Amino acid sequence: MNPTPLWRRRWHRFKRNRRGYWSLVIFLVLFLISLFAELLCNDKPYVVFYQGDYYFPLVRAYPETTFGGDFETETDYRDPYILQKITTNGNWALFPPNPYSYDTINQNLDQPVPAPPSRDNFLGTDDRGRDVLARLVYGFRISVLFGLALTAIGTLTGIVAGAIQGYFGGKVDLLCQRFIEIWSAMPELYLLIIFSSIFKPSILLLLILLSLFGWMGLADYVRAEFLKGRNMEYVKAAHALGVGNVTIMYRHLLPNGMTPVITFLPFRLSGAILALTSLDFLGLGVPPSTPSLGELLAQGKANIEAWWLSISTFVVLVGTLVLLIFIGEALREAFDPRKG
């Protein structure tokens, strides 16, 4: 379907904002790269050529005995004994650019952890000997995917709630507003602390809890747009022709009420990423083994002398938030009806 002239004008206005446009390009490139984190940071080689046969550890687990080892467990390709087997006597292995995964512990460090940046670990290691670069790549992916999921759920819920309030008005609007006032007064942080002590921490649990409160701000804007649009002549004409309420809300009112929804999306995404990072920093987020920007910040706070932990995580987090803010500003200008 071809875009309408209005959407083409908005896209041209967005592209004229060079800062916002290039921020979008950079963010999308970084996000796409992080989606292939297993191909960039992994302790398993892409392919192993051993005694005339090819093996692909990234897609299949091989026991250690396959490569001349002694155990039936999955091969540890960082083991010096196995590494020697698969890289000598005509055998070879092709590793990713960073041969460490987010949970790989470097057993060959010659100094205490957290170890500073070196040729083996470009951004150093954390307090357990895990590669910081790998944890940043995986942590960035988890943060963005979590933010996208939370933004999508909150946006859909906010659109539905705001549309119902604004379209029907009257008692429906009054009851919904009173419910929102009561619900928004709930202590969100205390609820997170209580549920994290009762249930096992997980990304799904965190997503559900934050989604319960993340829709109310957007619902107010959608409600205002529907309240303004329901008295328009074309809406009254649709009523007179017998068009159903759902059809009027979806086809006539929703497209005109999407401006605040779209312009707030980058800001909501940045808020979701910051919320996950903050909760991880406080120990209320994802499980400890999960790569997380907040967990790296907490390690940097606990190990002040390990400057590489704080600085690298700070650059990734602040850089991501700045890119999203620039994108949001460009979207806001592109959808501003006062802009020519």
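Because the structure is a prediction, the values reported are computed rather than measured. Positions are given from 1, in the same order as the sequence printed here.
W22 has its ring centre no less than 6.0 Å from the ring centre of F27.
Across D43, N106, T125, a single residue satisfies side chain to side chain donor-acceptor pair (under 3.5 Å) together with Y100, and that is N106. For the side chain to side chain contact (heavy atoms under 4.5 Å, CB included) criterion with L123, the lone passing option out of N98, D131, V132 is V132.
Taking F179 as the reference, W183, W215 meet the side-chain contact (heavy atoms from CB on, under 4.5 Å) condition, with sequence neighbours excluded. Contacts of E181 classified as side-chain hydrogen bond (donor to acceptor under 3.5 Å, both in side chains), with partners at least two apart in sequence or in another chain: R178. Partners of F95 under the ring-ring contact (aromatic ring centres under 6.0 Å, His included) rule, at least two apart in sequence or in another chain, do not exist in this structure.
Salt-bridge annotation for K85 and E64: absent, with no side-chain N of the basic residue lying under 4.0 Å from a carboxylate O of the acidic one. A salt bridge does not link R19 to E333: none of the charged nitrogens lies less than 4.0 Å from a carboxylate oxygen.
For T157 (side chain) and G154 (main-chain N/O), no donor-acceptor pair under 3.5 Å exists by modelled atom type. With hydrogens and angles disregarded, no donor-acceptor distance shorter than 3.5 Å links the side chain of N303 to the backbone of G300.
Going from atom OG of S278 over to atom CG of L317 covers 8.0 Å, rounded to the nearest 0.5 Å. In this structure, the separation between CG on N17 and CD on E329 is 8.0 Å, given to the nearest 0.5 Å.
With a 6.0 Å radius and a threshold of 12 heavy atoms from other residues, nucleotides or ligands, F314 has its CZ atom at or below the threshold. More than 12 non-hydrogen atoms from other residues, nucleotides or ligands lie less than 6.0 angstrom from CD of E38.
Under the 4.5 Å side-chain criterion, counting only non-hydrogen atoms from C-beta, Q177 is in contact with D220.
In this structure, K44 is not positioned above the aromatic face of Y77 in the sense of NZ or CZ being under 6.0 Å from the six-membered ring centre and within 45° of the axis. Taking the ring centre of W11 as origin, the terminal cationic atom of R8 falls outside the region bounded by 6.0 Å and 45° from the ring axis.
Ring planes of F264 and Y221: tilted class, angle from 30 to 60°. Below 30°, between 30° and 60°, or above 60°: for Y234 and H252 the angle between ring planes is between 30° and 60°, a tilted geometry.
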Decide side chain to side chain contact (heavy atoms under 4.5 Å, CB included) for L282 and L192; before the verdict, give the C-alpha distance in whole Å, the side-chain angles of both, and the deciding distance to 0.1 Å. CA-CA 11 Å; L282 297 174; L192 288 171; over 6 Å; no
